[in-house]
Every structure is written in structure tokens, then in C-alpha cells.
Amino acid sequence: SPASAQDGAATGAMDLGAIGMGIVIIGAGLGIGRIGGQAVEAISRQPEASGNIQTGMLIAAALIEGAAFFGLILIAFVL
Amino acid sequence: SPASAQDGAATGAMDLGAIGMGIVIIGAGLGIGRIGGQAVEAISRQPEASGNIQTGMLIAAALIEGAAFFGLILIAFVL
Amino acid sequence: SPASAQDGAATGAMDLGAIGMGIVIIGAGLGIGRIGGQAVEAISRQPEASGNIQTGMLIAAALIEGAAFFGLILIAFVL
Amino acid sequence: SPASAQDGAATGAMDLGAIGMGIVIIGAGLGIGRIGGQAVEAISRQPEASGNIQTGMLIAAALIEGAAFFGLILIAFVL
Amino acid sequence: SPASAQDGAATGAMDLGAIGMGIVIIGAGLGIGRIGGQAVEAISRQPEASGNIQTGMLIAAALIEGAAFFGLILIAFVL
């Protein structure tokens, strides 16, 4: 949050961006963790389909990754 | 939130936008994570239907992704 | 947070970055923990597929690891 | 937090680094705890695959350990 | 926290280190507790594999123990 850094006289203002970033990572961890966990379980059930499973895992995980990075960057540089 | 940055004399004002963004990502992570997790499990059960499974996964996940991005942008630039 | 260190006259400002970092690690721990937990369970079900399982585990865990490190670095040096 | 130690006149500032560190360990404990718990369960199901299981357990746990230590060090020396 | 002890004129500063240490132990307790609980359950299922199970349990628990001790020491002497 560059804006709040410029006015040095701000008193009592709390920069909650770090907490927001932490919550962003909780969301990403829950989502990608679930996908990855079930992907390795799926590979153990059908080892010969591991290519398809990893492709599907990556597509869904990349969606969460993209949203999380977008949120982190918005918090750090725009907000 | 550009509005709160312009009045430098704001005292005691809390910018809760970052926390809101974090909660947005929790929702997106939970949703896409569940879709992706069950999609890879479905592929392991029916490997020959992986094309159809990934199409369905992408349609549902894109809906969540769109809502999450819209929420992030609203928090950052409009609120 | 180097910005808040430069204005020594800030009174009442709370540096919440440490709490944000902690929440980041909760997210990473939940996510990688779930992936790793289900990966070792998957290996026990299909020991001969342990190579594929570890590859899938690493891909998903690296996504969470990357997002978590990005968040930590943003909190420490940018925010 | 060396910065907050230099300006001795700061009044009302709370050093939340200790709480942040505690939350870091909660994340590491949840993550490595899940991996380790499911690893010993996996060994009990396939005792002859205990080598592969421990390798997978260590890889995933080391990722969480690395992120947790990085967070602790950032909180103590950079923030 | 030796730093906050040197400037005796700080008013209103709260030393939250004790609370942080408590949270550290919560994390360690959750993690090692889960590992230990599932380890004794695993031994009851495969008593003849108790050696392997205890080895895996100790490796994972030692990782949490190391992170927790590191956090406690950082809170007490560096912060």
C-alpha cells in the first residue's frame, strides 16, 4: 500500500494488507491442496492415466494460482 | 480504494479491502478446489472420458474464477 | 515494512505484517499437508506407482509453495 | 523487529511479531502433522513400501518446513 | 524481548511474546498430536511394523519440534 506510506502523519491507521495476503494464501492452499491430494490418490487408483490426471490437476490449480496472484498483487500495489 | 488515499488526514480509518480480497480467494479456492479434486478422481475412474470431464470441470471452474475476479476488481477500484 | 520504519513519529500504528505472515504459513501448511498426506497414502495403495505419485505431489505443492513465498516477500519488502 | 527497537519514543506500538510466529508454527504443525499422520498409517497398510512412503513424506514436509523457517526469519530480522 | 526492556520510557507497549509462545505450542501440539495419535493406531493395525512406524513418526515429529523450538528461541532472544 504505497498510498498509506506517503502520508507520514497518519495516526491510528492500521495496514491490514498483510492479513489480507495471508487469507489469500489460505484460500489458495485449501484449493490447490484439495486438487493435488485427490490427484495423487487418483494416480494410485489408475497409474496408467497419470498423464490425463496431471493435466486436469494443472488446469484447475492454475485457475486458483492465477486468482491468488492477482489478489496478492492488487493488495500490494493498488489498494 | 483510491478515495481513502486522497484524504491524508484520515484518522482511525481502517481499510478492510485486503481482508475482503482474502475472503474472496478463500471462496474461489474452496470452490475450484472441490471441482478439480473430484474431476481428477473422476478421470481415474473413467480414463477414457477425460475429455468430457475436463470440459465440464473448466465450465464450472471458469464461473467461479469470473466471479472471484469481478469481486477483486470491484474491491480494488470501485469500493 | 520499510516504510513504517522511516517515519519514527508514527504513533498507534500497528505492524500487522507478522500476523499476515503467520496466516500465509497456515495456508501453505494446510495445502501441502493435504497433498503430502494423501500422497503417502496413495503410495501405500500402489507402491509401484510411487514415481508418478511423487511427481504429481511435487507439481501441486510447488504451486502452493510459490504463492506462499510470493506472499511472504510482498509482506516483508513491498507492503 | 530491529526497526521498532531503534525509535525508543514510539508509544502505543504493539510488537505483534511473536503472535505472528505462533501462527506460523500452527501452519507448520497442521501441515507436517497431517503428512506424518497419514504416513504412519500408510506404512501400517504397506509395511514393505515404507522406504518410498518416508521419501514422499520428507519431500512434502521439507517444503512446509522451508516456508515456515523463511517466515520466522523474515518476522525476526526483516520486518 | 531484550530491546523493549532497554527503553524504559516506552509507554503503552504490550509485550505479546508470551501469547506468541503459547500459540507456538498450540501448533506443535496439534501437529505432533496428530502424528502420534495415528501412529499408535497404525501400530495396532500392523503390530509387526511398529519399528518402521515409529521411525516415520519420529522423523515427522522432529521437523515440527525443530520449527517450534526455533520459534520459541526467536521470540525470547531476538524479537
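Only this structure's heavy atoms are used, side chains among them; waters, hydrogens and symmetry mates stay out. Note on naming: letters A, B, ... go to the chains in the order of the sequence lines (proteins, then strands), and numbering restarts at 1 for each one.
- Using a 4.5 Å cut-off between heavy atoms, T55(C) contacts chain A through both its backbone and its side chain.
- If you measure heavy-atom distances from M57(A) to chain C, the contacts under 4.5 Å come from the side chain alone.
- Residue I64(A): no heavy atom, backbone or side chain, is found under 4.5 Å from chain C.
- In terms of heavy atoms, P47(A) sits closest to A49(C) at CB-CB, 3.9 Å.
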Under the side chain to side chain contact (heavy atoms under 4.5 Å, CB included) rule, what do Q46(C) and R45(A) come out as? Steps first, then yes or no, please. CA-CA 7 Å; Q46(C) 285 276 2; R45(A) 225 178 291 165; over 6 Å; no
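- The nearest pair of heavy atoms linking I75(C) to G20(C) is CD1-C, 3.9 Å.
- Ranked by heavy-atom pairs under 4.5 Å with chain A, the list N52(C), L30(C), I25(C) is led by N52(C).
- Residues of residues 35-42 of chain A lying under 4.5 angstrom from chain C, judged on non-hydrogen atoms, are G36(A), G37(A), Q38(A), V40(A), E41(A) in numerical order.
- For residues 39-76 of chain C, every residue pair satisfying the ring pair (Phe, Tyr, Trp, His ring centres under 6.0 Å) rule, not counting sequence neighbours, is listed here: F69(A)-F70(C), F69(C)-F70(D).
- Listed here is the closest heavy atom pair of M21(A) and L72(A): CG-CD2, 3.5 Å.
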Check against side chain to side chain contact (heavy atoms under 4.5 Å, CB included), L58(A) and L63(C): CA-CA 9 Å; L58(A) 263 183; L63(C) 284 172; 4.2 Å; yes
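- For I53(C), the parts sitting under 4.5 Å from any heavy atom of chain A are the backbone and the side chain alike.
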